[in-house]
Amino acid sequence: MKIKIRLAAAIVIVVLPAAVLQAGWFGDKKADVKIDPFAAAHAEETVKLKAAPGAHAPVAEGACSKCHASPKEPGKMVLEGRELCLSCHKNRAADLAKKTVHMPFKEMDCTACHQPHGSVNRALLNAPVNELCSTCHSLGDENIKKSHGGISVIKTECTSCHTPHGSANPKLISEAAQHAPFEARSCDTCHDSPGPDGKAALKETPEKTCFVCHSDLQKSGRKAVVHPPFSGGQCVACHDPHIRRLPGQLKKPPVELCLGCHDAALKDNHPVAGHPTSKKGKMDPRRKDWPFDCVSCHEPHSGPLPNLTREDQMTMCEGCHKQ
Ligand code: HEC
Ligand code: HEC
Ligand code: HEC
Ligand code: HEC
Ligand code: HEC
Ligand code: HEC
Ligand code: HEC
Ligand code: HEC
Ligand code: HEC
Ligand code: HEC
Ligand code: HEC
C-alpha cells in the first residue's frame with residue numbers, strides 16, 4: 001500500500017512538470033518553439049513559410065513569436081523596424097559606427113533590402129544583388145560611370161567590390177586589402193579603354209598586364225615544369241585582380257581552388273591516405289601563417305621538379321615529419 005502511494009506521488013511529480021513544460025507555463029524556450037502561439041494561430045501560413053526555400057532561421061524553426069508580438073495582430077512586432085533585426089544581429093550594429101555608412105542602412109528599415117521570412121535570393125535579399133542595387137542607383141549616372149572608369153559593372157556583382165552596410169573605406173569599398181593598381185584606381189593598367197557600351201576588354205596577355213609589375217614571375221615560365229593555367233595566362237582562374245580577401249589574393253582557399261580543376265579524390269587520399277588536407281586548423285609545419293593544403297607541397301606556378309612538388313619526393317616527407 002505504502003509503496004503504491006509513493007509510486008503514485010512519484011508519477012505526479014514526474015508527469016506534472018513535464019506537462020507544464022509542454023504547455024510552456026514557465027516560458028521554457030524549447031516549449032515556446034514547440035507550441036509557438038503565433039504559429040498555432042497561423043498554422044497554414046507557418047507550414048508554407050517553413051517549407052519555402054531560403055527560409056530565415058527563426059522562421060524555419062517555427063519560432064514566429066520571436067518577432068510577432070501577438071497572434072491577433074500580425075502587423076505588431078516585439079520590437080519596431082530595424083531594432084527587431086539588430087536584437088539578434090548585434091554585430092551588424094557595429095557597421096553603423098563605420099566611417100562610411102550606406103544611407104539606406106542608416107536611415108531605413110532592413111526590409112528595404114531583406115525579406116523577414118525567407119527569399120530565393122542569397123542572404124534573404126529582396127532581389128538578386130545587382131537588381132537590388134539598381135532599384136535605387138542608375139548605372140547610367142555620370143558620377144557612377146566616372147567612378148567605374150567608364151567600365152560597365154552591370155554583369156559583375158556589386159558586392160565583389162562594395163559592402164552593402166558600412167565600411168572603413170570611402171564609397172563603401174570592401175574592407176579587405178585592395179590590389180595596389182586597383183587601389184590607385186588605375187583601371188586602365190589592365191583594362192583597355194571602354195567602348196560606349198562600357199565593355200572593357202583586358203589587355204590580352206599577362207606580359208602586358210601582370211608582369212609589368214611582377215617582373216620576377218616572368219622567369220617562372222622558363223622552369224622545367226610549368227603549370228598549364230600559369231603558362232596559359234589564366235592568372236584570374238586563381239587570383240582576384242581587384243580585392244585581396246584571402247592570402248595570396250586567391251579567389252578561394254587553395255584546396256577548393258585546386259579541386260575546381262583536379263580530381264576530388266586528391267583531397268584526403270593523397271599522397272597518403274588520411275593526409276589531412278581538408279581538416280580545418282592543421283597548419284603547414286614549415287609556414288606558420290599558412291594552413292596545411294595543396295600549396296604546402298606543390299608550387300602553384302612552376303618549378304624544377306615533376307608534379308610541381310616543392311622538393312624531391314625522396315626527402316619531401318622528412319621536411320615536415322622529422323624522424
Ligand atoms: C525575423 C522576424 C520574423 C519572424 C521570425 C516571423 N515574421 Fe512574420 N513578419 C515579420 C515582419 C517584419 C512582418 C511585416 C512585413 C512587412 O511589413 O512587409 C511580418 C509579417 C507577417 C504577416 C503579415 C503579412 C502581411 O502581408 O500583412 C504574417 C501573416 C506573418 N508575418 C506570419 C508569420 C509566421 C506564420 C511566422 C512563423 C512561421 C512568422 N511570420 C515569423 C517578421 C517575422
Ligand atoms: C530571433 C532572432 C532573429 C531575428 C529577430 C532576426 N534574425 Fe536574421 N537570422 C537569425 C539567425 C539565427 C540566422 C542564421 C544564422 C546567421 O546567419 O547569423 C539569421 C540569418 C539572417 C541572414 C543571413 C541569411 C543567409 O542566408 O545568409 C540575414 C540577411 C538576416 N538574418 C536578416 C534579418 C533581418 C533583416 C531581420 C529583421 C527583419 C532579422 N534577420 C531578424 C536570427 C534572427
Ligand atoms: C542597401 C541594402 C541593404 C540594407 C538596407 C541592409 N542590408 Fe543586409 N545585406 C545586404 C546585402 C546586399 C547583403 C549580402 C552581401 C553579400 O552576400 O555579399 C547583406 C547581408 C546581410 C547579412 C548576412 C551577411 C552578414 O554580413 O552577416 C545580414 C545578417 C544582414 N545583411 C543584416 C542586415 C540588417 C540587420 C539590416 C538592417 C539594420 C540590413 N542588413 C540592412 C544589403 C542590405
Ligand atoms: C533603398 C535604396 C538603395 C539601395 C537598394 C541601394 N542603395 Fe546605395 N545608396 C542609396 C542612397 C540614398 C545613397 C546616398 C546618396 C547617393 O550617394 O546616391 C547611396 C549611396 C551609395 C554609395 C556611395 C556611398 C558614399 O559614401 O558616397 C555606394 C557605393 C552605394 N550606395 C552602393 C550600393 C550598392 C552596392 C547597393 C546594392 C548592394 C546599393 N547601393 C543599394 C540608396 C540605395
Ligand atoms: C570592379 C569593382 C566594382 C564593382 C563590381 C562595382 N563597383 Fe561601384 N565603385 C567601384 C569603385 C572603385 C568606386 C569608386 C570608389 C572611390 O571613389 O574611392 C565605385 C563607386 C561607386 C558609387 C559611388 C559613385 C559616386 O557618387 O562617386 C556607386 C553608387 C557605386 N559604385 C555603385 C555600384 C553598383 C550599384 C554596382 C553594381 C551594379 C557597383 N558599384 C559595382 C568599384 C566597383
Ligand atoms: C591588376 C589589373 C586590373 C586592374 C587594375 C583593374 N582590373 Fe578589372 N579586371 C581585371 C581582370 C584580369 C578581370 C577579369 C576577371 C575575371 O575574368 O575573373 C577584370 C574584370 C573586371 C570586371 C568584370 C568584367 C566582366 O566582363 O565581367 C569589371 C566590371 C572590372 N574589372 C572593373 C574594374 C574597375 C572599375 C577598375 C578600376 C577601379 C579595375 N577593374 C581595375 C584586372 C584589373
Ligand atoms: C601597377 C603594378 C601592378 C600590376 C599591373 C599588377 N600588380 Fe599585382 N601587385 C602589385 C603590388 C604593388 C602588390 C603588393 C605587393 C605586396 O603586397 O607586397 C601586388 C600584389 C599582388 C598579389 C598578392 C601577393 C601576395 O603576396 O599576397 C597577387 C596575387 C597579384 N598582385 C597578382 C597580380 C595579377 C594576377 C596581375 C595581373 C592581372 C597583377 N598582379 C598586376 C602591383 C601590380
Ligand atoms: C593554379 C592557380 C594559380 C595560377 C593560375 C596563378 N597563380 Fe599566382 N599564386 C597562386 C598561389 C596558390 C599563390 C600563393 C603561393 C604561396 O604563397 O605559396 C600565388 C602567388 C602569387 C603571387 C605572390 C607571390 C609571388 O610568387 O610573387 C603573385 C604576384 C602571383 N601569384 C601572380 C600570378 C600571375 C601574374 C599569374 C598568371 C601569369 C598567376 N599568379 C597564376 C596560384 C596561382
Ligand atoms: C604532403 C604533400 C602533398 C600534398 C599536401 C598534396 N600533394 Fe599532390 N602530390 C604530392 C606528391 C608527392 C605527388 C607525386 C605522387 C606520385 O607520383 O604518385 C603529387 C602529385 C599530384 C598530382 C599529379 C598526379 C596525380 O595524381 O594526378 C596532382 C594533380 C596533385 N598532386 C594535386 C594535388 C592537390 C589538388 C592537392 C590538394 C588537395 C595536393 N596535390 C596535395 C604531394 C602532395
Ligand atoms: C584552371 C584549372 C586549374 C587549376 C585551378 C589548377 N590546376 Fe593543376 N593543372 C591543370 C592542368 C590543365 C594541368 C595539366 C593536365 C593534368 O595534368 O591534369 C595541371 C597539372 C597539375 C599538376 C601536374 C603537373 C605536372 O605536369 O607534373 C599538379 C601537381 C597540379 N596541377 C597541381 C595543382 C595545384 C596544387 C593547384 C592549386 C594551387 C592546381 N593544380 C590548380 C589545371 C589547373
Ligand atoms: C608540408 C608538410 C608535410 C609534408 C611535406 C608531408 N606531411 Fe604528412 N602530415 C603533415 C601534417 C600537418 C599532418 C597532420 C599531423 C597532425 O595530425 O597533427 C600529417 C600527417 C601525416 C600522416 C598521418 C595521417 C593520419 O592518418 O592522420 C601520415 C601517415 C603522413 N603525414 C605521411 C606523410 C608522407 C609519407 C609524406 C611524404 C610523401 C608526408 N606525410 C609529407 C604535413 C606534411
Side-chain angles (χ1 to χ4, degrees), residues 54-61 63 65-67 77-79 81-89 91-92 102 109-119 121-125 129-134 136-139 141-149 151-162 169-174 178 182-183 185 187 205-207 209-211 213-214 216-218 220-221 227-239 241-243 246-251 253-254 257-258 260-261 284 287 289-290 293-296 298-302 310:
H56 194 193
V59 173
E61 283 171 23
S65 301
K66 284 190 175 164
C67 295
M77 304 295 145
V78 295
L79 286 164
R82 54 202 291 103
E83 296 312 321
L84 175 67
C85 313
L86 291 173
S87 69
C88 287
H89 296 285
N91 50 354
R92 292 278 71 81
H102 199 192
D109 282 352
C110 314
T111 48
C113 297
H114 295 285
Q115 292 285 319
H117 297 142
S119 167
N121 302 305
R122 184 175 91 222
L124 301 171
L125 293 175
V129 173
N130 283 28
E131 224 174 89
L132 173 73
C133 310
S134 303
C136 297
H137 297 284
S138 160
L139 296 181
D141 177 272
E142 282 309 317
N143 276 338
I144 293 190
K145 273 198 193 155
K146 214 169 99 208
S147 285
H148 295 143
I151 302 173
S152 168
V153 292
I154 197 160
K155 291 204 181 113
T156 314
E157 281 215 343
C158 312
T159 47
S160 69
C161 298
H162 294 283
N169 292 324
K171 308 289 178 192
L172 296 168
I173 292 292
S174 160
Q178 297 171 54
F182 179 81
E183 189 162 27
R185 305 286 178 257
C187 315
T205 59
E207 280 75 17
T209 50
C210 316
F211 295 156
C213 299
H214 299 286
D216 50 327
L217 283 182
Q218 201 146 15
S220 303
H227 199 198
F230 182 82
S231 52
Q234 290 171 265
C235 317
V236 292
C238 299
H239 296 291
H242 305 135
I243 309 260
L246 295 171
Q249 211 168 294
L250 296 175
K251 280 189 167 164
L257 191 65
C258 310
C261 291
D284 184 334
R287 281 173 77 179
D289 62 338
W290 200 277
D293 60 32
C294 319
V295 178
S296 304
H298 293 285
E299 297 278 2
H301 298 153
S302 68
R310 288 191 184 268

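We count residues from 1, following the sequence as given. Note that ligands are numbered from 1 as they come in the structure, with each ligand's atoms numbered from 1 the same way.
- The shortest distance between side-chain heavy atoms of His227 and His301 does not fall below 4.5 Å.
- The protein heavy-atom contact nearest to atom 22 (C) of ligand 8 is His301 CE1, 4.3 Å.
- Near His137, the atoms of ligand 5 lying under 4.0 angstrom from a non-hydrogen atom of the residue are 29 (C).
- For atom 12 (C) of ligand 8, the protein comes within 4.0 Å by at least one heavy atom.
- Relative ring orientation between His242 and Phe182 is described as tilted, the plane-to-plane angle lying within the 30° to 60° band.
- Summary of contacts: the protein heavy atom closest to atom 29 (C) of ligand 8 is His214 ND1, 3.3 Å.
- At a heavy-atom distance under 4.0 Å, only side-chain atoms of Arg287, from C-beta outward, approach ligand 8.
- Under 4.0 Å from ligand 8, not a single heavy atom of Lys251 appears.
- A distance of 11.5 Å separates CD in Gln249 from SG in Cys235, rounded to the nearest 0.5 Å.
- Any N or O atom pair closer than 3.5 Å counts here, and Trp290 shares no such pair with ligand 8.
- When all heavy atoms of Arg185 and Ile173 are compared, the closest pair comes out as NH2-CG1, 3.7 Å.
- Contact between Cys187 and Gly149 at its shortest, heavy atoms only, is SG-CA, 4.4 Å.
- If you number the atoms of ligand 2 from 1 as listed, the ones under 4.0 Å from a heavy atom of Lys66 come out as 1 (C).
- Within ligand 8, counting atoms from 1 as listed, the ones closer than 4.0 Å to a heavy atom of His227 are 1 (C).
- You'll find the side chain of Ser152 stays beyond 4.5 Å of the side chain of Leu139, heavy atoms only.
- Side-chain atoms of Val236 and Lys251, non-hydrogen and from C-beta on, do get closer than 4.5 Å to each other.
- A pairwise comparison of heavy atoms in Arg82 and Asp109 identifies N-OD1, 3.7 Å as the closest pair.
- The heavy atom nearest to atom 35 (C) of ligand 5, out of those in Cys133, Ser160, Pro170, is found in Cys133.
- In terms of heavy-atom proximity, Arg92 sits nearest to Leu86 at CB-CD2, 4.0 Å.
- Note that atom 24 (C) of ligand 8 has no protein non-hydrogen atoms nearby, at separations under 4.0 angstrom.
- Counting only distances under 2.8 Å, and ignoring water, the protein N, O or S atoms around atom 8 (Fe) of ligand 5 are His148 NE2, His162 NE2.
- Those atoms of ligand 5 with a heavy atom of Thr156 less than 4.0 angstrom away are 5 (C).
- When heavy-atom distances to ligand 8 are checked against a 4.0 Å cut-off, Cys235 comes that close through both its backbone and its side chain.
- Note on ring orientation: taking the six-membered ring where Trp is involved, the planes of His89 and His56 are parallel (angle under 30°, cut-offs 30° and 60°).
- Take the N/O/S atoms of His89: the one nearest atom 8 (Fe) of ligand 2 is NE2.
- In this structure, Glu157 has a heavy atom closer than 4.0 Å to ligand 5.
- Closest of all the heavy-atom pairs between Leu125 and Gln115 is O-CG, 4.5 Å.
- Looking at Cys67 against ligand 2, only its side chain comes within 4.0 Å, counting heavy atoms.
- Given atom 2 (C) of ligand 8, the protein heavy atom at minimum distance is Cys238 SG, 1.9 Å.
- Here the closest heavy-atom approach between residue Asn169 and residue Ser174 is recorded as ND2-O, 2.9 Å.
- Of the options Cys85, Ser87, Ala112, the smallest heavy-atom separation from atom 37 (C) of ligand 2 is shown by Cys85.
- Less than 4.0 angstrom separates atom 16 (C) of ligand 2 from none of the non-hydrogen atoms of the protein.
- Nearest non-hydrogen protein atom to atom 14 (C) of ligand 2 is Ala57 CB, 3.7 Å.
- Only the side chain of His56 comes within contact range of ligand 2, with a heavy atom under 4.0 Å; no backbone atom does.
- Atom 42 (C) of ligand 8 has its closest protein heavy atom at Pro300 CB, 3.5 Å.
- Atoms of ligand 2 lying under 4.0 Å from at least one heavy atom of Leu84, given by number and element, are 5 (C).
- Atom 1 (C) of ligand 2 has its nearest heavy-atom neighbour, among Ala55, Ala60, Cys88, Gly81, in Cys88.
- Within the listing of ligand 2, atoms 35 (C) sit less than 4.0 angstrom from a heavy atom of Cys110.
- Looking from atom 19 (C) of ligand 8 to the surrounding protein, the closest heavy atom is His239 CE1, 3.4 Å.
- Ligand 8 has at least one atom lying under 4.0 Å from a heavy atom of Arg310.
- Residue Phe211 approaches ligand 8 through these ligand atoms, each under 4.0 Å from one of its heavy atoms: 35 (C), 38 (C).
- To the nearest 0.5 Å, atoms NE2 (His298) and CG (Asp293) are separated by 10.5 Å.
- Counting heavy atoms closer than 4.0 Å to ligand 8, residue Gln234 contributes backbone atoms (N, CA, C, O) but none from C-beta onward.
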* To do: Begin from the C-alpha positions of Leu217 and Cys210 and carry the test side-chain contact (heavy atoms from CB on, under 4.5 Å) through to its verdict.
  => CA-CA 9 Å; Leu217 283 182; Cys210 316; over 6 Å; no
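- Heavy-atom proximity to Val295, at under 4.0 Å, picks out these atoms of ligand 8: 12 (C), 18 (O).
- Looking only at protein heavy atoms, the nearest one to atom 27 (O) of ligand 8 is Leu217 CD2, 4.1 Å.
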